[in-house]
Amino acid sequence: METPNIDKQTQYDRRYMRMARTWAENSYCVRRKVGALLVKNQMIISDGYNGTPSGFPNKCEDENNVSYPYVLHAEANALTKVARSNNSSEGATLYVTASPCLECSKLIIQSGIRRVVYGETYRLTEGIDLLKQAGIEVVKLDEE
């Protein structure tokens with residue numbers, strides 16, 4: 001059933017963002033759980049959540065609640081996962097529960113993603129600014 005007065009793309013955006021929020025629940029990080037979905041032609045081609053690299057303990061923060069420097073962001077996990085597959089991120093949309101940082105934004109640009117939809121705004125906005133400067137469509141999707 002379609003929601004009246006909401007275009008089809010917004011409906012898809014909301015659905016994929018709900019899925020990204022659900023995926024974030026897989027994170028072992030305590031301070032912030034972030035989820036990401038990479039979608040192309042209405043198919044999920046990759047997913048990710050913030051956490052430690054393969055083979056590391058599933059503990060993201062030290063005793064002072066500071067994230068370990070080797071913790072991967074959800075976007076980076078989704079991008080490295082698609083890189084190991086037969087899929088291409090060229091022209092895809094990235095749904096992420098928090099706005100990308102500067103480092104993840106560089107990866108997003110280089111991966112050919114054309115659109116980024118995010119939920120909450122991270123305290124630093126350089127990543128969003130860089131995406132816009134690169135001509136990537138950036139959409140902040142408020143929670144329903």
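Below, all heavy atoms of this structure are taken into account, side chains as well, without hydrogens, waters or symmetry copies. Residues: numbered from 1 along the sequence shown.
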N/O donor-acceptor pair under 3.5 Å between K40 side chain and Q42 backbone: no
Which heavy atom in W23 sits nearest to a heavy atom in G48, and how many Å separate them? CD1-O, 3.2 Å
Between N65 (side chain only) and R31 (backbone N and O only), is there a donor and an acceptor less than 3.5 Å apart? no
Quick check for you: to the nearest 0.5 Å, what is the distance between T97 atom OG1 and E25 atom CD? 10.5 Å
Hits for disulfide bond (SG atoms under 2.5 Å apart) against C101, two or more places apart or cross-chain, chain-then-number order -> none
Kindly work out whether a path of hydrophobic side-chain contacts (I/L/V/M/F/W/Y, heavy atoms less than 4.5 Å apart) joins V39 to Y12. yes
In a check of side chain to side chain contact (heavy atoms under 4.5 Å, CB included) between V138 and each of L130, I128, D129, which one passes? I128
Mind checking what makes salt bridge (charged side-chain N to carboxylate O under 4.0 Å, His left out) contact with E126, not counting sequence neighbours? none
Where at least one partner belongs to residues 56-115, residue pairs that pass ring-ring contact (aromatic ring centres under 6.0 Å, His included), sequence neighbours excluded: Y16-Y95, F56-Y70, Y68-Y70
Once you round to the nearest 0.5 Å, how far does NZ of K81 lie from CG of N87? 11.0 Å
Per the salt bridge (charged side-chain N to carboxylate O under 4.0 Å, His left out) rule, what does the pair list look like for residues 84-100, sequence neighbours excluded? none
Is there a continuous path of hydrophobic side-chain contacts, each under 4.5 Å between heavy atoms, that joins Y28 to V71? no
Please check if any side-chain donor atom of Q9 sits under 3.5 Å from a side-chain acceptor atom of D13, or the reverse. yes
Which value, rounded to the nearest 0.5 Å, describes the distance between I136 atom CD1 and I108 atom CD1? 7.0 Å
Contact summary for G35 and A24, nearest pair of heavy atoms: N-CB, 3.3 Å
Would you say that more than 12 heavy atoms from the other residues, nucleotides or ligands in this model lie under 6.0 Å from the CG of N64, or not? yes
Say whether, by atom type as modelled, one donor and one acceptor occur between the side chain of S27 and the main chain of V34 under 3.5 angstrom. no
Between E75 and the options P100, S111, S99, the side chain to side chain contact (heavy atoms under 4.5 Å, CB included) test singles out P100
Can you tell me how far the CG atom of N26 sits from the CG atom of N77, to the nearest 0.5 Å? 11.0 Å
Are V82 and I44 linked, directly or through other ILVMFWY residues, by side chains that come within less than 4.5 angstrom of each other? no
Shortest non-hydrogen separation from S89 to L38 and the atoms involved: CB-CD2, 3.8 Å
Is there a side-chain contact between L79 and I113, using heavy atoms and a 4.5 Å cut-off? yes
List the steps, then state whether side-chain contact (heavy atoms from CB on, under 4.5 Å) holds for T93 with V117. CA-CA 7 Å; T93 297; V117 180; 4.0 Å; yes
Is there a path of hydrophobic side-chain contacts, each under 4.5 Å between heavy atoms of I, L, V, M, F, W or Y residues, that connects V96 with M19? no
Going by the ring-ring contact (aromatic ring centres under 6.0 Å, His included) test, which pairs reach into residues 96-138, not counting sequence neighbours? none
Find the distance between CG (D142) and CZ (R14) and round it off to the nearest 0.5 Å. 8.5 Å
For C60, all residues meeting disulfide bond (SG atoms under 2.5 Å apart), sequence neighbours excluded: C29
Rounded to the nearest 0.5 Å, what separation is found between the CG atom of L72 and the OG atom of S67? 11.5 Å
If hydrophobic clusters are built by linking Ile, Leu, Val, Met, Phe, Trp and Tyr wherever their side-chain heavy atoms come under 4.5 Å apart, do L37 and V139 end up in the same one? yes
Over all heavy atoms of both residues, which pair between S105 and G127 is shortest? Give the atoms and the distance, please. OG-O, 2.9 Å
